[in-house]
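Residues take their numbers from the sequence shown, with the count starting at 1. Both ligands and their constituent atoms are indexed starting at 1 by order of listing.
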Amino acid sequence: AQSGEVAADPQQYDQAYLSPVTIGNSELMLDFDTGSADLWAFSNETPASQSQGHERYDSATGTELDGYSWSITYGDQSGAGGNVYTDKVVVGGVTATRQAVEAATSVSASFSQNIDSDGLLGLAFSSINTVQPRQQTTFFDTVRPTLAKALFTCDLRQGDAGSYTFGYIDSSKYQGTVTYVPVDDSQGFWQFTAGGYSVGGDNATSGSVGTAIADTGTSLLYLPAAVTKAYYEQAGGRYDNQQGGYTLPCNGGAPDFSVAIGGKTFTVPGSYIAYAPLTTGSSTCFGGIQPDTGIGFSIFGDVFLKAVYAIFDVSQGSPRLGFAAQ
Ligand SMILES: C[C@H](Cc1ccc(C(C)(C)C)cc1)[C@H](NN)c1nnnn1Cc1ccc2c(c1)OCO2
């Protein structure tokens with residue numbers, strides 16, 4: 001049975017975390033994304049004008065799926081599309097011998113500009129993979145039958161290298177016990193229900209957050225507008241129309257944010273929420289908590305996930321998420 005571990009290296013401000021993946025003879029840095037289900041990469045088929053600075057997958061090592069294509073648009077309006085091959089993919093020593101690899105023939109500007117990322121490795125459920133005419137499986141679904149345990153874990157860190165493991169749980173990476181909650185995979189996401197919240201450690205847990213997804217591919221923590229408003233009232237932040245989000249002082253006074261999941265409280269340090277200065281040297285920061293207005297659910301992205309050890313587990317038949325304090 002297979003198991004393995006791969007590093008997750010943070011970009012500036014932890015905007016995304018990148019992990020080394022070998023596809024055929026190419027070694028690329030991919031953004032592991034539990035909120036999407038396509039494994040795609042810049043390739044020899046991506047126009048040079050769009051792929052400056054990126055490592056590219058050389059599809060010569062793959063077997064083309066004739067007549068297959070893919071096209072994806074992400075929630076931030078970025079997107080990509082192209083052709084499909086099968087090839088050998090290795091992540092942290094775990095090997096998928098015939099994995100669907102989606103070679104980009106076109107990518108949007110934000111992907112061209114983010115030169116650290118050579119593509120995405122989707123870890124949501126394969127039911128939302130975009131390959132036509134026949135949907136393909138994610139790397140995790142492809143290797144799942146060969147894994148020691150049918151699960152993967154995520155240990156993201158603030159401004160430091162973290163890791164993903166496949167097939168095992170590393171108990172040295174968390175403290176205390178793991179709290180498991182059921183996952184509703186009907187929309188293809190690792191979707192769960194989050195409970196009451198509190199700002200700045202005052203135990204008055206107020207309302208409840210509600211439906212949320214665990215999404216390593218999203219930088220920030222998107223919460224209901226009312227919860228976000230309550231947070232920034234205490235944090236001394238304000239909604240800045242020009243920035244298109246809440247901003248707050250960078251000066252280290254931001255209160256912690258706590259949320260109950262499965263009856264256990266998990267806390268995001270205020271320092272994670274003073275996310276990044278608006279411009280270099282500015283004393284005003286863009287907020288790491290933003291409203292989930294228009295998205296349809298809350299998104300527990302990297303700002304939350306770097307405060308916990310997360311276990312994405314399908315070993316019990318129905319999927320579940322495990323969280324433990326780091
Ligand atoms: C945005 C990422 C997908 C992505 C990742 C990285 C990148 C760059 C490399 C160029 C930095 C672009 C895109 C997310 N992944 N599950 C995603 N994919 N589809 N929805 N989401 C989450 C969402 C949904 C809605 C929203 C949002 C976010 O930000 C603002 O409104």
Here the ring pair (Phe, Tyr, Trp, His ring centres under 6.0 Å) pairs for residues 101-126, sequence neighbours left out, are Trp40-Phe111, Tyr74-Phe111, Phe125-Trp190

side-chain hydrogen bond (donor to acceptor under 3.5 Å, both in side chains) pairs touching residues 308-321, sequence neighbours excluded, are Thr153-Tyr309, Asp313-Ser315, Asp313-Arg320

Close residues (non-hydrogen atom under 4.0 angstrom from ligand 1) work out to Gln15, Asp31, Asp33, Gly35, Tyr74, Gly75, Asp76, Ser78, Ser110, Phe111, Asn114, Asp215, Gly217, Thr218, Tyr222, Ile295, Ile299

Distance-only criterion, 3.5 Å: show the donor-acceptor pairs between side-chain atoms of residues 274-289 and protein atoms not counting sequence neighbours.
| from | atom 1 | to | atom 2 | distance (Å) |
| --- | --- | --- | --- | --- |
| Tyr275 | OH | Tyr13 | O | 2.9 |
| Ser282 | OG | Thr284 | N | 3.0 |
| Ser282 | OG | Thr284 | O | 3.1 |

Checklist entry - Less than 4.0 Å between a side-chain N and a carboxylate O, is that true for Glu233 and Arg238? => result no

### Task
Measure centre to centre between the rings of Phe32 and Phe152, then say whether the value is under 6.0 Å.
no

- prompt: Would you call the rings of Tyr246 and Tyr232 parallel, tilted or perpendicular if under 30° counts as parallel and over 60° as perpendicular?
  reply: parallel

